[in-house]
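Some notes on the structure that comes next.
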Protein chains: 2
Amino acid sequence: MHAGTVRRRHDTTAVNPRATHLSLALRHVAEASGQISRADIAARTGLNRSTASSLIDELITGGLVKETGATPRARAGRPATALALRDDGPAGLGVDVNVDYTAVCVVDLTGAVRYKHVVAVDQRGHTMTEILDRINTLSRAAHAAARADELTLCGSAIAVPGIVDRDRATVTLAPNLGWRDLAVTEVLPADVHGLLDNEANFAALSEPGLLHARASYLYVSGQIGVGAGIVLDGRLYRGTHGWSGEIGHLTVDRDGPPCPCGRRGCLERYAGQEAILRAAGVPSDPGTALGVRPTVALIADRARANDPATLAALTRAGQVLGATLAGCLNLLDLGHVVLGGIYRDLAPWIAPEVEREVATQFLGAPWARPTVEVATYGPEAPAIGAARSVIHDVIGDPLRWLNH
Amino acid sequence: MHAGTVRRRHDTTAVNPRATHLSLALRHVAEASGQISRADIAARTGLNRSTASSLIDELITGGLVKETGATPRARAGRPATALALRDDGPAGLGVDVNVDYTAVCVVDLTGAVRYKHVVAVDQRGHTMTEILDRINTLSRAAHAAARADELTLCGSAIAVPGIVDRDRATVTLAPNLGWRDLAVTEVLPADVHGLLDNEANFAALSEPGLLHARASYLYVSGQIGVGAGIVLDGRLYRGTHGWSGEIGHLTVDRDGPPCPCGRRGCLERYAGQEAILRAAGVPSDPGTALGVRPTVALIADRARANDPATLAALTRAGQVLGATLAGCLNLLDLGHVVLGGIYRDLAPWIAPEVEREVATQFLGAPWARPTVEVATYGPEAPAIGAARSVIHDVIGDPLRWLNH
DNA sequence: TTCGATTTGTTGCTGGGCACAACATACGGG
DNA sequence: CCCGTATGTTGTGCCCAGCAACAAATCGAA
């Protein structure tokens, strides 16, 4: 995880052992919350038992970890006292400014979603000031809700549909919002410094089980376009500029239909929302279509009604998507794909095709069969992932929280 | 860089500050060898001057770093004493077992190639024992040459064309050598523990300038197949199983010509050596073709003679390769490609096409124009990269060398 | 030339933090 | 009931980084 405001470009800076070990101990507690003892941490990290105890004590007095009583053990010996993350300590605020809705949520240290509020509104009909005002209002409400729930917001993160400059906390370009070079995090409450990232990237962090396990996977985030978040060893891979995961314009067929990007046969032209609509024979109606949800629901309805054209369109989209993803898996040697965004809602028809394509085209399949999973969260995924990224920064550097 | 035999799966182990800081100081010396002082290191790392001095002293007495006299400075103040890597300290042994040649080389701490020996021989005509014997003989010769040059071999690495299990130091499968589950590193001299990896991966590490700069790039290694080594932030990305970089079977055209892998229209069918040969109208002659070098030289000859069919084949191959690479760059947000293997020899005809495709298809091109570079080394690249990986392990953990 | 300013490198001191060992604690089992 | 076993705590010593003062070596200005 990115270390917040600390510009850790590479590991060229001196190391602070205490901070590193506090994070290490906390991470082990997070990965086995309620099932781990001081002695376990010592054994797993290689630290001495006394050192592990000292670290845990500091985390307990700091309000990040609690004891959950003694655990009955089968073996002989003194029973261990189990440790768990506190659910009433620091919490993260996540905001998602999408084209057709704005979402906020609060996630506590355990990763649980404690507050969630989604407002469906087409941003394209509003000015930038109105949008920012709405973010501010929703954030303050979330802030109040967190406080009422005995949580302390210790950071925030905003997901936007576009290109961001994380270091400058600025939205470089968000075409669908009409934003350019906008320091959007400034509208957040002053006491929570704001992180910023792409929706697909934050959405990739929303999966509950995967992050703790230091998993590597591709989170496919289908919206109007098709993007992906790349998680390697439990950390989001952002690329050299932060634009990683642009799979929507991978070429499926050099002689395929033209794409607004200037090329031909891009993945979006086969597996994007518009393409599926068109292939299903639904007249595209940008006037009334209020964005992702309703359109996707429409397709799903027709598929459930066994409309032949729709089913054929979904099968075709799944095949093309699966073939493209198989290529990505081959390039990166990943064995796991998560289908998010519209593909989550269309999973009954898309997922089997993706699974088949990936299973047959992944070169490592004979040794390690790749898995295809449906995302846990739908439209809330980016906001939840954003909030979770704040929590990950706390786990990555607990000292910042411990020092007030 | 991988920490050798130490199974550092993730950063779940305790940190040793002294070891980390020794590596940190050494890395800074390596990146600016001859142009850096103790005070510089202190400034760049954030360590105290006295600490930096202590670290450097330890590295000097350990034989890794030397002083190269005072540097005249423009500014006022005491002139700094420049530090540089020693070229007579530890060295790495690199071995490459290819289908049609075996190469060994020795690289010193500065990255300079101090010994190199390539034996052209078609391994397919020999038994496994013969091949292993040759590796052993060549390694002993390299060992003797290093000793005569006042170098101390402190490790070795073998590159093989196939799938390896690094943790077990075993070749899982090398079809063209007929190997399966072979612990090839055991034939190396006993005092150098052997690393193991794929040829494309090691070749990616052979580029001189790029590694020190913590660069991110894709090293395309065209041989009979097409592979790639992925370097992210100066570290080789190997994937979850170590099979990353398999771009040869990315789909270019779903309705293209069939491929032995069972799919259709794979990249190899357009930009692989065999495909270029066939498209150029050269009768494929596996009987006399002694592998990569001669065949590629043949194509290059015909291209130099302006043979229309060959030029068209190369143009087509470059276009398809470039388009595929652009997709990879978009997925990973990389801005740099290095053309190695056969593409290095065919660069005059391939590189411009790749450059054009990448420039037009890389989505970040308007903000950061991608660069296409021709590899520094040819067939020796895997062996040199292998040796260099040994050196990188020394720089990554100098304590192991300092403790004898 | 001389003296102050400036930067580099070294030395002695201090404190943080980890390992180690010994001990108290708390169970299971014969 | 006592022994073996495992957990957690306490006291001690050592490694190592930070700090400050000082010596060294140069530039620049008077």
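Note on naming: letters A, B, ... go to the chains in the order of the sequence lines (proteins, then strands), and numbering restarts at 1 for each one.
- Looking at B:Asp333 and A:Arg238, no side-chain N of the basic residue comes within less than 4.0 Å of a carboxylate O on the acidic one, giving no salt bridge.
- Residue order along DNA chain D, read from the 5' end via each residue's closest nucleotide, puts B:His21 first among B:Arg78 and B:His21.
- Taking for each of A:Gly46 and B:Ala80 the nucleotide of DNA chain C with the nearest heavy atom, the 5'-most of the two is the partner of B:Ala80.
- Note on B:Thr81: only backbone sugar-phosphate atoms sit closer than 4.0 angstrom, heavy atoms only; bases stay farther off.
- Summarising the geometry, the separation between CG on A:Asp57 and P on D:dT10 is reported as 9 Å, rounded to the nearest angstrom.
- In the interface, the side chain of A:Ser50 is not paired with the base of C:dC18 through any donor and acceptor atom under 3.5 Å apart.
- In summary, A:Arg388 and A:Glu207 do not engage in a salt bridge, as defined by a charged side-chain N under 4.0 Å from a carboxylate O.
- No donor-acceptor contact under 3.5 Å links the side chain of B:Ser54 to the base of D:dC16.
- If you measure from atom CZ of B:Arg75 to atom C1' of D:dA25, you get 14 Å, rounded to the nearest angstrom.
- Under 4.0 angstrom from either OP1 or OP2 of D:dG8 there lies no side-chain N or O belonging to A:Ser53.
- Look at CG on B:Asn48: it is 10 Å from C1' on D:dA20, rounded to the nearest Å.
- Between the CZ atom of A:Arg49 and the P atom of D:dG11 there is a distance of 17 Å, rounded to whole Å.
- Remark: P of C:dC18 and CD1 of A:Ile56 are 13 Å apart, rounded to the nearest angstrom.
- Between the CG atom of B:Leu55 and the P atom of D:dC15 there is a distance of 16 Å, given to the nearest Å.
- What separates CG of A:Leu47 from C1' of C:dG17 is a distance of 11 Å, to the nearest Å.
- Contact check on B:Asp393 versus B:Arg400 returns no salt bridge, with no Lys/Arg side-chain nitrogen under 4.0 Å from an Asp/Glu carboxylate oxygen.
- Using a 4.0 Å heavy-atom distance criterion, B:Arg38 is classed as a sugar-phosphate-only contact.
- Salt bridge B:Asp88/B:Arg86: present, at least one basic N to carboxylate O contact under 4.0 Å.
- Atom pair A:Leu399:CG and C:dG17:P shows a separation of 9 Å (rounding to whole Å applied).
- Proximity of a side-chain donor or acceptor of A:Thr110 to a complementary backbone N or O of A:Asp87 within less than 3.5 Å is not detected.
- Between D:dG8 and A:Ser37, a contact under 4.0 Å exists linking OP1 or OP2 to a side-chain N or O.
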